[in-house]
Each structure stands twice: as C-alpha cells, then as structure tokens.
**Student:** 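Dropping a structure here in structure tokens format, bear with me for questions.
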There are 2 protein chains.
Amino acid sequence: MSKRVYGQYCGFARALELVGERWALLIVRDLLVGPKRFSDLQRGLPKIPSNILTSRLKELEEAGIVQRRLQPRPSNGVFYELTEVGNDLEDAVMALGRWGAQRLGEPRPGEIVTEDAMVMALRTTFQPEAAGRTRASYELRLGDIVINAKVANGRASVVAGPLPGADLIIETGPAVRMLLAREVTPEQALKKKLVRITGDPKLLDRFVRMFRIG
Amino acid sequence: MSKRVYGQYCGFARALELVGERWALLIVRDLLVGPKRFSDLQRGLPKIPSNILTSRLKELEEAGIVQRRLQPRPSNGVFYELTEVGNDLEDAVMALGRWGAQRLGEPRPGEIVTEDAMVMALRTTFQPEAAGRTRASYELRLGDIVINAKVANGRASVVAGPLPGADLIIETGPAVRMLLAREVTPEQALKKKLVRITGDPKLLDRFVRMFRIG
DNA sequence: CTGGATCCCTCACGATACTG
DNA sequence: CAGTATCGTGAGGGATCCAG
C-alpha cells in the first residue's frame with residue numbers, strides 16, 4: 001500500500017490511499033452491516049479472488065479500519081469487524097451509494113443482488129425528513145434475500161433477516177429500484193406485479209416516501 | 001472500464017465502477033473547483049502520467065461525468081468541466097475528504113499541497129452551524145498558493161486566488177492542519193509562528209471555529 | 001467446513017519519450 | 001498545449017491446494 005501513493009498532502013488523497021484500492025470499499029460496505037467471517041465476505045462479494053480479499057483485509061487492518069476478532073464458542077473462527085475509524089466511513093459510503101443509485105439503471109446480465117448491498121441501499125435511501133413521526137416496520141423480500149426496516153423517531157434501522165410481525169411485507173425483485181426512484185407509483189407497481197404486499201397498501205406509499213432514490 | 005466490473009446490482013458498486021479507478025476521483029476533486037485544461041490538471045496532479053490522465057478523462061467523459069469544451073478565444077484550447085452528474089459527486093468527495101483529513105497526520109516527505117486540494121479542504125471542513133450569522137472574508141496563503149474564503153449567511157464560498165480587501169490575511173504552511181484540527185489554539189499557533197496574520201486576531205478565532213477537522 | 005496460501009497468466013497501470 | 005507511442009512491471013483475476 002505504501003507504493004500506491006498520490007504524493008499529495010490532502011485529506012481526500014489520503015483517504016483514497018487508505019480505502020481507494022479496488023474492492024476495499026465494498027468490503028467496508030459489507031462490514032458496515034455487521035461483523036463477518038472470511039467466507040461471509042466471499043459470499044457477499046462472489047467475484048473477489050480469495051487472495052485479494054486476504055490482502056485487502058490485511059491492508060485495512062494495518063490502516064486501523066478493520067480488526068480481526070477471534071470468536072470464542074460457539075461458531076469458532078475469525079471475525080472481521082470495523083473499528084471506530086472504519087465505522088466513520090459510513091457517511092462517505094452512503095454519499096457515494098446515493099450518487100451511484102441514481103445512475104443504476106436496469107440490472108446488467110449476470111449482476112447479482114446481495115443481502116448486505118440491499119441493507120446498505122435502504123439505509124442510503126432513507127430520508128429522515130420524509131419520515132416525520134412515522135412508526136412502521138417492514139419486511140422486504142427479494143428472492144431469497146430477506147431484510148427488514150424499522151422506522152421510528154425519524155430514524156430507520158435496517159438489518160438483515162426476517163421480521164415476524166412486520167406491519168408490511170413487501171415481496172419484490174430488482175424492479176424495486178423503479179419504485180424507489182419513483183419511475184412507477186406504488187399503484188402501478190402493484191398492478192404490474194413488480195411488487196406483492198401483505199398488509200395495508202398505505203404502508204407501501206409511506207415506504208416509497210421514506211426510502212427513495214434521487 | 002466495462003471490464004473492471006464488480007458484478008453487483010448495487011448503487012455503491014456502480015459508483016465505484018464509474019469513479020473508483022485510481023486517479024479518477026482526484027480529477028473530479030480538482031474539477032469541482034472549476035473547469036481546467038489538460039495541463040492545469042497535470043499541474044494539480046504532478047504524479048499522474050499523461051497517458052493515464054488521457055484515459056481517465058476519456059472514461060469520465062463516456063460516463064457522462066466530465067465534458068470537453070472547446071474554448072473560443074482568448075485562451076484557445078480544450079477545457080474539461082464537470083457535468084451536472086459530475087457535480088453531484090461533491091457530497092461524496094467531501095465526505096471522504098472529511099474522513100481522510102482526520103487521519104492526515106504530518107506531511108510525508110515529498111508530499112505537496114496544491115491549490116485545488118486546499119480549496120476543497122476548506123470547503124470540506126466548513127461547519128455551517130458554527131458560522132451562524134458570521135460575515136467575514138479571508139485570504140489564506142500557503143507558500144505560493146493563495147486562496148480565499150467568504151463566509152456569509154451560514155455559507156462559505158471558497159475559491160482560488162487572492163482577495164484584495166479581505167478582513168483577515170492568514171499566512172501559514174502545512175501546519176495549518178494542526179490549527180484546523182485544534183491540536184494547537186490560535187494563540188499558540190501565533191506564538192509558535194505556525195501562522196502569521198494581518199488583521200484582527202479575533203477573526204482567526206472565528207476562522208478555526210468555522211473551518212475544522214474532526 | 002473455514003481461512004486462507006500458492007501458482008500462473010494477463011492486462012491495466014505507470015514511466016519515459018516523442019509528436020501534431 | 002494536448003495529447004500519442006512504446007514498453008516494462010506488478011496488481012488483479014482465476015484456479016488449485018492445504019492446514020486447522
């Protein structure tokens with residue numbers, strides 16, 4: 001990493017030296033959702049070669065962004081988690097994600113959706129002002145990916161996994177992007193079967209007001 | 001660029017595909033300050049090989065982030081400027097710059113400070129809440145780099161160049177980082193001759209309250 | 001199974017030189 | 001000024017192998 005240097009005394013350049021390498025910020029993105037083991041990261045980043053993952057993790061660890069933790073029992077093994085410094089990258093990751101989401105377009109052949117990406121996408125698109133005093137919980141299903149979001153007090157908590165008792169269950173696919181980007185209305189999306197819901201349709205209206213692209 | 005792909009249908013991954021290549025975001029950083037010609041960019045990024053600059057500019061243009069403009073007279077030639085899409089990267093650049101500035105430390109041997117980097121650094125560190133109703137103008141000199149900042153209505157306009165009639169002139173060097181990071185107080189900085197001012201010292205206190213790292 | 005290490009191959013990157 | 005041309009290197013990609 002010491003060779004990949006920009007030669008500028010500048011915070012932004014320094015940031016790129018630390019996390020600008022290929023794959024590095026995607027690893028951070030997944031770790032922002034929660035600690036993970038090596039193989040979890042591989043699953044979330046199917047196209048990363050294992051040697052690259054190894055060296056990125058080592059670099060991120062040396063940079064003080066990630067730390068290894070030996071899990072006791074059960075589930076012995078090594079876990080990787082963000083340090084506080086690493087967690088501070090959240091703002092930057094969300095800002096870039098927000099920008100990218102606006103230019104996402106339709107999925108390209110072979111592109112996959114992962115659980116962590118979806119969690120971060122929802123966190124990224126959350127609009128606190130639009131939430132107001134809303135209090136609602138959602139379970140969002142995309143294929144076999146299930147995540148959930150709880151909105152309260154103008155904040156959203158988005159994590160992986162199902163949420164029994166959610167106010168609304170939304171079943172959808174990659175077309176959910178069109179919904180969040182308001183290229184279709186909730187009505188249209190339901191009619192065109194881009195989404196299927198279990199619960200009060202009004203909660204879907206609220207959802208697209210609180211989580212949106214652009 | 002089409003080969004350097006992450007295979008994920010995710011806004012953040014898409015963003016990295018568009019601007020994640022080495023040097024790309026540094027070019028964007030400089031263009032956020034204003035349109036530039038090829039040689040201006042080279043001057044601001046002394047370590048970038050010209051062929052790399054060429055191909056990055058081409059990629060950024062194809063991605064709709066940068067546009068070439070043929071300048072009529074005077075100063076015939078090609079100018080590069082950000083499109084609106086490119087300008088929308090400002091939030092992300094500032095967020096990353098803010099993170100990096102906190103881990104900047106002391107300059108490494110051979111590291112340089114450029115005008116554009118300094119302009120963006122000041123924009124990045126501006127804290128609107130701390131500005132309040134302040135109305136002040138500053139000229140900041142680092143070696144032969146001169147930039148200026150005007151603060152009014154809770155907003156700061158930071159651009160390159162001198163500002164005749166500025167309320168305060170601050171002459172300093174890379175040690176300005178310690179000041180913005182509040183590792184030294186303005187008093188100490190003046191006493192240790194890390195900065196020299198022309199104008200009311202109270203304006204320096206205001207300055208470090210409005211522009212700060214961390 | 002997890003958590004890597006090792007090998008090889010290729011192409012993108014980087015340095016330098018040169019040109020319309 | 002605004003780039004090409006050329007060429008060497010090494011990081012990234014992909015497969016395979018191995019230890020606990």
Side-chain angles (χ1 to χ4, degrees), chain A residues 1-8 13 16-27 30-31 35-63 66-81 110-112, chain B residues 1-8 13 16-27 30-31 35-63 66-81 110:
Chain A
M1 196 90 110
S2 57
K3 218 39 185 311
R4 220 71 171 179
V5 146
Y6 291 107
Q8 304 211 349
L16 289 181
E17 288 173 3
L18 293 172
V19 296
E21 299 294 320
R22 194 162 157 70
W23 295 108
L25 278 177
L26 285 174
I27 294 170
D30 283 9
L31 291 180
K36 299 211 156 27
R37 36 175 91 219
F38 193 89
S39 47
D40 296 331
L41 288 166
Q42 282 189 303
R43 215 168 303 120
L45 272 17
K47 299 194 62 164
I48 193 174
S50 66
N51 57 344
I52 301 292
L53 179 54
T54 300
S55 53
R56 286 293 170 278
L57 285 171
K58 193 173 305 176
E59 290 159 4
L60 290 171
E61 192 186 351
E62 282 166 7
V66 160
Q67 55 189 307
R68 290 169 59 107
R69 193 160 38 88
L70 289 166
Q71 197 68 352
R73 288 165 312 127
S75 79
N76 293 31
V78 185
F79 273 72
Y80 296 89
E81 63 185 359
E111 281 190 332
I112 63 165
Chain B
M1 196 90 109
S2 57
K3 216 41 185 309
R4 223 72 169 175
V5 145
Y6 292 107
Q8 304 212 352
L16 289 180
E17 289 172 4
L18 293 172
V19 296
E21 299 293 321
R22 191 161 159 71
W23 295 107
L25 278 177
L26 285 175
I27 294 170
D30 283 8
L31 290 180
K36 296 209 160 28
R37 35 174 93 220
F38 194 88
S39 46
D40 296 331
L41 289 166
Q42 282 189 304
R43 214 168 305 121
L45 272 17
K47 299 195 59 163
I48 193 174
S50 63
N51 56 346
I52 301 293
L53 179 54
T54 300
S55 54
R56 286 294 170 277
L57 284 171
K58 194 174 303 175
E59 291 160 4
L60 290 171
E61 192 186 352
E62 283 167 6
V66 160
Q67 55 189 306
R68 289 169 59 106
R69 192 160 39 88
L70 289 165
Q71 198 70 349
R73 286 167 315 131
S75 80
N76 294 31
V78 185
F79 273 73
Y80 295 89
E81 63 186 357

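A quick note: this is a predicted structure, and the numbers were derived from the prediction, not measured. Lettering of chains follows the sequences in order, A, B, ..., and the numbering in each one begins at 1.
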**Student:** Roughly how many Å is it from CG in Leu57(A) to P in dA5(C), rounded to a whole number?
**Tutor:**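 In whole Å, dA5(C) P and Leu57(A) CG are 11 Å from each other.
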**Student:** Can you check the Leu26(B) CG to dC13(C) P distance for me, whole Å?
**Tutor:**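 Taking CG of Leu26(B) and P of dC13(C), I get 14 Å after rounding.
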**Student:** Looking at every heavy atom in both Lys47(B) and Gly7(A), which two are closest together, and how far apart are they?
**Tutor:** CD-CA, 3.9 Å
**Student:** Nearest-Å distance, CG (Leu53(A)) to P (dT6(C))?
**Tutor:** 16 Å
**Student:** Can you check the Arg37(A) CZ to dG4(C) P distance for me, whole Å?
**Tutor:** 11 Å
**Student:** Expressed as a whole number of angstroms, how long is the span from Leu41(B):CG to dG3(D):P?
**Tutor:**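 It works out to 10 Å between those atoms.
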**Student:** Can you check the Arg43(B) CZ to dC1(D) C1' distance for me, whole Å?
**Tutor:** 10 Å
**Student:** Apply side-chain contact (heavy atoms from CB on, under 4.5 Å) to Glu81(A) and list each qualifying residue two or more places apart in sequence or on a separate chain.
**Tutor:**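 side-chain contact (heavy atoms from CB on, under 4.5 Å) check on Glu81(A) returns Pro35(A), Gln67(A), Arg69(A).
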**Student:** Between which residue ranges does DNA chain C form stems of three or more consecutive Watson-Crick or G-U wobble pairs, both distances under 3.5 Å?
**Tutor:**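 The stems that DNA chain C takes part in, listed by first number, are C:1-19 with D:2-20.
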**Student:** Are OP1 or OP2 of dA2(D) and a side-chain N or O of Arg68(B) less than 4.0 angstrom apart?
**Tutor:**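 Looking at the OP1 and OP2 atoms of dA2(D), neither is under 4.0 Å from any side-chain N or O of Arg68(B).
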**Student:** Please report the interatomic distance CD1(Ile112(A)) to OH(Tyr6(B)), rounded to the nearest 0.5 Å.
**Tutor:**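 Rounded to the nearest 0.5 Å, the CD1-OH separation comes to 14.0 Å.
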**Student:** Got a donor-acceptor contact below 3.5 angstrom from the Gln8(B) side chain to the Gly44(A) backbone?
**Tutor:**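 Yes: the side chain of Gln8(B) pairs with the backbone of Gly44(A).
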**Student:** Under 4.0 Å: is that the gap between some side-chain N or O of Arg56(B) and OP1 or OP2 of dC13(C)?
**Tutor:** yes
**Student:** To the nearest angstrom, how far is Gln42(B) atom CD from dT4(D) atom P?
**Tutor:**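 Gln42(B) atom CD is separated from dT4(D) atom P by 12 Å.
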**Student:** Asp30(A): which residues meet the side-chain hydrogen bond (donor to acceptor under 3.5 Å, both in side chains) condition with it, sequence neighbours left out?
**Tutor:** none
**Student:** Mind checking the CG-CD1 spacing from Leu57(A) to Ile27(A)? Nearest 0.5 Å is all I need.
**Tutor:**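 With rounding to 0.5 Å, CG (Leu57(A)) is 5.0 Å from CD1 (Ile27(A)).
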**Student:** What pairs with Ile52(A) under side-chain contact (heavy atoms from CB on, under 4.5 Å), at least two apart in sequence or on another chain?
**Tutor:**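 Listed in chain order: Trp23(A), Ile48(A), Pro49(A), Arg56(A).
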**Student:** Rounded to the Å, how far apart are Leu45(A) CG and dG12(D) C1'?
**Tutor:** 14 Å
**Student:** Hey, does the side chain of Tyr80(B) come within less than 4.0 Å of dG3(D)'s phosphate (OP1/OP2), counting only N and O?
**Tutor:**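 The answer is yes; a side-chain N or O of Tyr80(B) sits under 4.0 Å from OP1 or OP2.
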**Student:** Could you tell me which residues satisfy side-chain contact (heavy atoms from CB on, under 4.5 Å) with Ser50(B), sequence neighbours excluded, listed by chain and number?
**Tutor:**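 Once residues adjacent in sequence are excluded, the partners of Ser50(B) under the side-chain contact (heavy atoms from CB on, under 4.5 Å) criterion are Phe38(B), Gln42(B).
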**Student:** Of the candidate nucleotides dC13(C), dG3(D), dT2(C), which contains the atom at the shortest distance from the side chain of Glu21(B)?
**Tutor:** dC13(C)
**Student:** Identify whether any heavy atom of Ser39(A) sits under 4.0 Å from a base atom; if not, whether one sits that close to sugar-phosphate; answer base, sugar-phosphate or nothing.
**Tutor:**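 Sugar-phosphate contact only.
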**Student:** Counting primed atoms plus P, OP1 and OP2 as sugar-phosphate and everything else as base, spell out the protein contacts along nucleotides 13-20 of chain D at 4.0 Å heavy-atom distance: B, S or - for each nucleotide, 5' to 3'.
**Tutor:** BBB-----
